[in-house]
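Only this structure's heavy atoms are used, side chains among them; waters, hydrogens and symmetry mates stay out. Here is the naming used below: chain letters follow the sequence lines, and residue numbers restart at 1 for every chain. This one's a predicted model, so the numbers in the text were calculated from it and none came from an experiment.
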Amino acid sequence: MSYDFNTIEAKWQKYWAEKETFKAQNGSDKPKYYVLDMFPYPSGAGLHVGHPLGYIASDIYARYKRHKGFNVLHPQGYDSFGLPAEQYAIQTGQHPAITTKENIARYREQLDKIGFSFDWSREVRTSDPKFYKWTQWIFIELFNSWYDNEENKARKIEDLKAIFASEGNEKVNAVCDEDVVQFTSEHWNNFSSKEQQQVLLKYRLTYLAETEVNWCPQLGTVLANDEIVNGVSERGGYPVIRKKMTQWSMRISAYAQRLLDGLETIDWPQPLKDSQTNWIGRSQGASVTFKVKDHNATIEVFTTRPDTIFGATFMTLAPEHELVQKITTSEQKAEIDAYIEATAKRSERERMADVKTISGAFTGAYAEHPFTKEPIPIWIGDYVLAGYGTGAVMAVPCGDQRDYDFAKHFNIPITNIFEGVDISQEAFADKENTVISNSGFLNGLPYKKATKAAIYELEKLGQGEGKINYRLRDAVFSRQRYWGEPFPVYYIDGMPQMIDMKHLPIELPEVEKYLPTETGEPPLGRAEVWAWDIEKNKVVSNDLIDHTTIFPLELNTMPGWAGSSYYFNRYMDPHNDEEIFSQDAITYWKEVDLYIGGSEHATGHLLYARFWQKFLFDRGIVPVDEFAKKLINQGMILGTSAIIYRISGTNTYVSKGLKDQHETEELRVDVGLINNSDELNLEALRQWQPQFKDAEFILENGKYIVGREVEKMSKRWYNVVNPDGICEQYGADSLRLYEMFLGPLEQAKPWNTAGITGVHSFLKKLWKLYHNGDEFEVLDSEPTKDSLKTLHKTIKKVEDDIENFSFNTSVSTFMIAVNELTAQKCNSKTILEPLLVLISPYAPHIAEELWAKLGHDESIATATFPVFEEKHLVESTKRYPISFNGKMRFTLELSLDLGKDEIEAAVLAHEKTQQQLDGRVPKKVIVVPGKIVNVVG
RNA sequence: GCUGAAGUGGUGGAAUUGGUAGACACGUUGGACUUAAAAUCCAAUGGCCAUUAUGGCCGUGCGGGUUCAAGUCCCGCCUUCAGUACCA
């Protein structure tokens with residue numbers, strides 16, 4: 001019987017599904033282990049071979065952990081809200097729910113063919129109302145919370161109301177909007193309900209605010225910072241402009257420090273941690289308040305170098321700074337207005353691309369230096385960003401290159417406050433080697449002491465304090481889209497009201513078109529039934545809005561990251577309609593032990609998910625404040641495009657080796673048209689696209705050889721390889737092994753279908769090992785010492801490899817083992833049975849088949865991982881470290897079972913006499929001039 | 001510019017962490033089997049030189065250094081990829 005992988009794989013996939021082999025129980029005597037993949041967005045294009053890489057790795061680990069006696073949770077689901085389905089709906093009128101459902105069905109079919117051990121009974125979809133009920137619930141919880149800096153955690157808004165009612169807000173140390181004014185309990189109690197709501201909104205963890213947002217006109221929506229790449233939208237590459245809008249925001253800035261601190265406690269890749277650290281952007285310094293001369297106004301700046309305050313010879317405000325209009329003198333007004341207009345016109349992208357050009361304008365106003373009381377001219381310039389710090393800087397040209405360049409450009413005086421430093425060419429920014437001079441009370445002090453002293457003096461004046469500033473901004477949470485979670489929010493008198501939890505979910509209404517309305521409202525503005533009846537507690541028709549009992553509902557939807565910020569917890573108890581998850585479930589599973597996914601989510605999903613987890617922790621809903629202990633970023637699998645060379649102006653194509661003789665242009669063709677040796681199938685090409693029907697070819701040695709280029713797998717380059725075809729031709733086990741064999745999990749690597757024959761023939765050899773001719777035959781015979789050695793060597797290596805996520809090398813180990821066992825003609829059950837368990841995480845189908853043939857009724861998934869016994873390896877070479885002449889240290893590799901002293905003596909003896917060692921002679925002794933370095937037995 | 005990772009045969013990649021560099025596989029070449037092809041099996045395969053046993057020299061981006069011993073450690077360069085960018 002030959003290795004009929006198609007039949008075997010279909011059989012076992014059906015078996016696993018029917019027997020629910022991989023269904024996880026909430027609770028067990030075994031220790032728990034939670035292995036999670038980043039759930040996919042089901043796009044219309046289906047899976048290519050790059051997608052399953054991480055899933056295969058996590059599946060191997062999950063299956064391994066089951067063999068090791070763990071109760072493993074390994075779920076899968078779909079991140080099914082998103083822009084592509086909506087764009088498709090706009091173009092075709094097809095409801096996104098239908099497109100999404102179809103795409104999911106296709107994904108599932110493809111995933112099933114690869115033989116994953118997912119517990120599909122726990123599947124979640126973010127676009128399923130049963131799921132987004134809980135997304136809405138978390139939103140409400142955030143709305144009903146505030147961040148207490150004293151306790152350093154989120155607390156219920158009820159607590160805050162109680163504090164306001166009894167003592168006002170004077171003593172409250174909370175993360176809140178900057179414009180809150182102080183009030184007493186008496187004030188509070190006399191506020192109208194609306195006034196109270198307005199005040200509370202400034203404290204809530206999700207709040208409504210007029211914010212300047214990244215507006216993308218082409219997409220008709222607001223984008224978060226991480227959805228913008230190089231000043232254009234990540235999806236589609238459209239321009240993005242700044243615009244003021246009333247939006248929901250998430251007060252993630254409250255968690256900036258804890259998000260940083262938490263990184264210390266989790267085992268995530270350093271590059272990923274670095275980019276989160278960078279994104280949060282903590283900088284320590286001071287805030288300094290400058291009085292504006294002749295105005296009742298002050299300018300607050302943030303600086304990391306308060307020690308250089310005596311070097312401040314001017315100030316620069318961002319053009320958008322609110323004080324600009326107020327302080328600009330009439331003589332300077334025209335110039336300032338012109339400059340502001342010019343900068344506003346420049347897109348974010350132009351501003352970024354053009355950082356070299358120095359521009360700015362003088363307001364005519366002066367600030368007063370806190371210590372010298374000298375006047376300091378106030379300028380505006382677009383190198384100061386409105387969105388960072390206070391949107392204003394004290395410019396110290398001698399210590400900051402940008403200030404220096406600005407000063408030179410506008411002929412502003414530069415004062416040198418550094419001892420023994422030449423600043424005639426450039427600014428001096430080396431903190432560590434700074435000695436301050438020309439700076440009053442700071443003279444002679446180094447950076448650290450000067451900083452301390454400056455802050456101390458500023459505090460005395462009441463014009464500054466030490467401060468930590470973060471780059472991390474609150475996250476805008478509104479999207480002007482249809483295909484997202486609706487907010488559980490209606491408005492009374494312009495103030496947002498939460499819909500009671502028991503009426504959730506608020507389901508998406510039907511609309512006839514998925515575009516924004518003519519008046520610029522989000523698509524939900526088109527819904528005819530989208531108003532809230534507070535008496536009936538249900539969504540009713542818009543016509544009925546009377547602002548007495550029926551009120552308008554929020555028209556925005558939530559962003560893509562809403563559902564993905566907690567889905568990992570929902571898998572623990574996915575069908576619970578009463579709670580987001582039971583406390584039993586979350587107490588048992590706690591957190592994700594291993595999370596595998598792409599590094600592109602570093603500053604998006606992975607940051608927001610950590611934020612929500614910390615919030616849920618503060619509110620006692622989850623037991624740990626980091627959701628994933630260990631995370632691995634799998635590398636991208638790249639495509640190997642095929643290139644043909646057209647002679648310019650003709651329909652003649654020249655083979656790669658001859659292309660230099662002609663003037664050619666490159667065209668990419670489908671990689672499916674290429675055989676294993678880069679030869680193009682001309683007939684298939686002619687049929688592929690009409691333009692090649694009458695093409696002519698200049699061949700070399702009778703063949704057309706294509707050029708190859710490694711690049712991202714994409715339909716555009718015709719280099720996409722579909723896993724279905726691979727499964728059909730070589731089997732899922734081959735696909736799984738090959739994806740691992742390609743290279744280290746975390747590294748980007750090119751796909752080349754040709755190489756799969758290596759792992760495929762390994763599987764055929766493995767199959768043969770269990771067969772005598774056509775008959776299955778495994779005997780109860782005593783294993784040979786060599787076979788035991790092979791087995792235990794393999795156990796050791798594979799176990800180490802899996803623990804270190806170095807799956808590529810264990811595939812090689814299997815190959816070596818099978819080759820050795822074949823050469824040993826091993827047919828002993830003692831060897832062949834545990835070997836299957838080792839291989840089963842990688843190639844589960846063939847392992848199940850052979851396992852069943854060995855007479856097991858239960859799935860191999862229930863088998864125990866074989867135990868490594870060192871005694872079987874003692875016959876092999878062994879390393880002995882010895883010292884020699886008291887100084888040199890050697891490692892001797894011998895197949896002799898000798899003691900340390902004997903070896904030392906033996907080596908000395910051998911070196912001198914080349915005589916026998918204890919009756920046995922090492923095969924080879926490597927000698928470097930006069931000294932033995934290595935002995936190989 | 002800054003941060004991080006990495007440079008090993010024709011290719012993907014190994015190397016027990018300082019101890020025989022190139023495991024394993026692809027590809028290539030030769031051979032066996034076959035009418036033929038596919039499949040399968042065997043052999044060779046870093047470079048140069050020598051050779052009808054065996055052998056020698058050079059080799060892990062470049063230049064130095066430490067060491068009996070360096071792909072691995074140290075110093076200085078070069079290149080590539082990824083992230084980030086007027087962050088005060």
Here the pair of heavy atoms bringing A:Y404 nearest to A:I423 is OH-O, 2.8 Å
Could you state the atom-to-atom distance from OH of A:Y730 to P of B:rA25 in whole Å?
17 Å
Short side-chain N/O contact from A:K749 to OP1 or OP2 of B:rG13, under 4.0 Å:
no
For A:L742 and B:rG12, what is the distance between atoms CG and P respectively, to the nearest whole Å?
11 Å
A:L638 CG to B:rU80 P, straight-line distance once rounded to whole Å:
18 Å
Under a 3.5 Å limit on both distances, the Watson-Crick or wobble mate of B:rG7 is B:rC78
Comparing A:N278 with A:Y470, nearest RNA chain B nucleotide closer to 5' gives the residue A:N278
Taking the side chain of A:P750 as its heavy atoms from C-beta onward, which of B:rG12, B:rC41, B:rG4 lies nearest to it?
B:rG12
Hey, is B:rU72 sitting syn or anti, using the within-90° cutoff around 0?
anti
Should B:rG9 be called syn or anti, with syn set as within 90° of 0?
syn
Identify whether any heavy atom of A:K797 sits under 4.0 Å from a base atom; if not, whether one sits that close to sugar-phosphate; answer base, sugar-phosphate or nothing.
nothing
Taking only side-chain N and O atoms of A:R471, does any of them lie within less than 4.0 angstrom of OP1 or OP2 on B:rA85?
yes
Considering only B:rG83, B:rU40, B:rA14, which nucleotide approaches the side chain of A:S275 most closely?
B:rG83
Pairing nucleotide - B:rC2, Watson-Crick or G-U, each distance under 3.5 Å
B:rG83
Treating A:N469 as the side-chain partner and A:S283 as the backbone partner, does any N or O pair qualify as donor plus acceptor under 3.5 Å?
no
With both distances under 3.5 Å as the test, what is the Watson-Crick or G-U wobble partner of B:rU72?
none
Considering just the side-chain nitrogens and oxygens of A:R402, establish if one lies under 4.0 Å of OP1 or OP2 belonging to B:rC87.
yes
Atom CH2 of A:W279 and atom P of B:rU84 are separated, to the nearest Å, by 7 Å
What does A:N819 touch in the nucleic acid at a heavy-atom separation under 4.0 angstrom: a base, only the sugar-phosphate, or nothing?
sugar-phosphate
Of A:T303, A:T308, A:I309, which meets side chain to side chain contact (heavy atoms under 4.5 Å, CB included) against A:P306?
A:T303
Modelled atom types, side-chain donor and acceptor of A:E820 and A:T790, under 3.5 Å
yes
Do A:H369 and A:F310 make the cut of ring centroids closer than 6.0 angstrom?
yes
To the nearest angstrom, how far is A:I468 atom CD1 from B:rA88 atom C1'?
16 Å
Both distances under 3.5 Å, Watson-Crick or G-U wobble: report the partner of B:rU16, or none.
none
Whether A:T640 side chain and A:W751 backbone form a donor-acceptor pair below 3.5 Å
yes
Quick one: label A:Q270 by what it contacts on the DNA or RNA (base, sugar-phosphate, nothing), any heavy atom closer than 4.0 Å.
nothing
Under 4.0 Å between any heavy atoms, over every strand shown, what does A:K793 touch: base, sugar-phosphate, or nothing? Just pick one.
nothing
Need to verify one output field. Residue with the more 5' nearest nucleotide on RNA chain B, A:T304 or A:V759?
A:V759
State whether A:Q747 places a side-chain N or O below 4.0 Å from either non-bridging phosphate oxygen (OP1 or OP2) of B:rG13.
yes
Identify the nucleotide, in any strand shown, that forms a Watson-Crick or G-U wobble pair with B:rU40, with both distances under 3.5 Å; if there is none, say none.
B:rA32
Which whole-number value in Å describes the distance from A:K765 NZ to B:rU40 P?
9 Å
Give a yes/no on whether any side-chain N or O of A:S283 is located under 4.0 angstrom from OP1 or OP2 of B:rA88.
yes
Does the Lys NZ or Arg CZ of A:K764 fall within the cation-pi geometry relative to A:Y3 - under 6.0 Å from the ring centre and within 45° of the axis?
no
A:A754 has its side chain closest, among B:rA14, B:rC26, B:rA88, to B:rC26
Have a look at A:N469 and say if it touches a base, only the backbone sugar-phosphate, or nothing, with a 4.0 Å heavy-atom cut-off.
nothing
Nearest listed nucleotide, side chain of A:T757, among B:rG4, B:rA23, B:rC26
B:rC26
Now, which nucleotide makes the Watson-Crick or G-U wobble pair with B:rU66, with each of the two distances under 3.5 Å?
none
Identified pairing partner of B:rG55, criterion: Watson-Crick or G-U wobble below 3.5 Å:
B:rC49
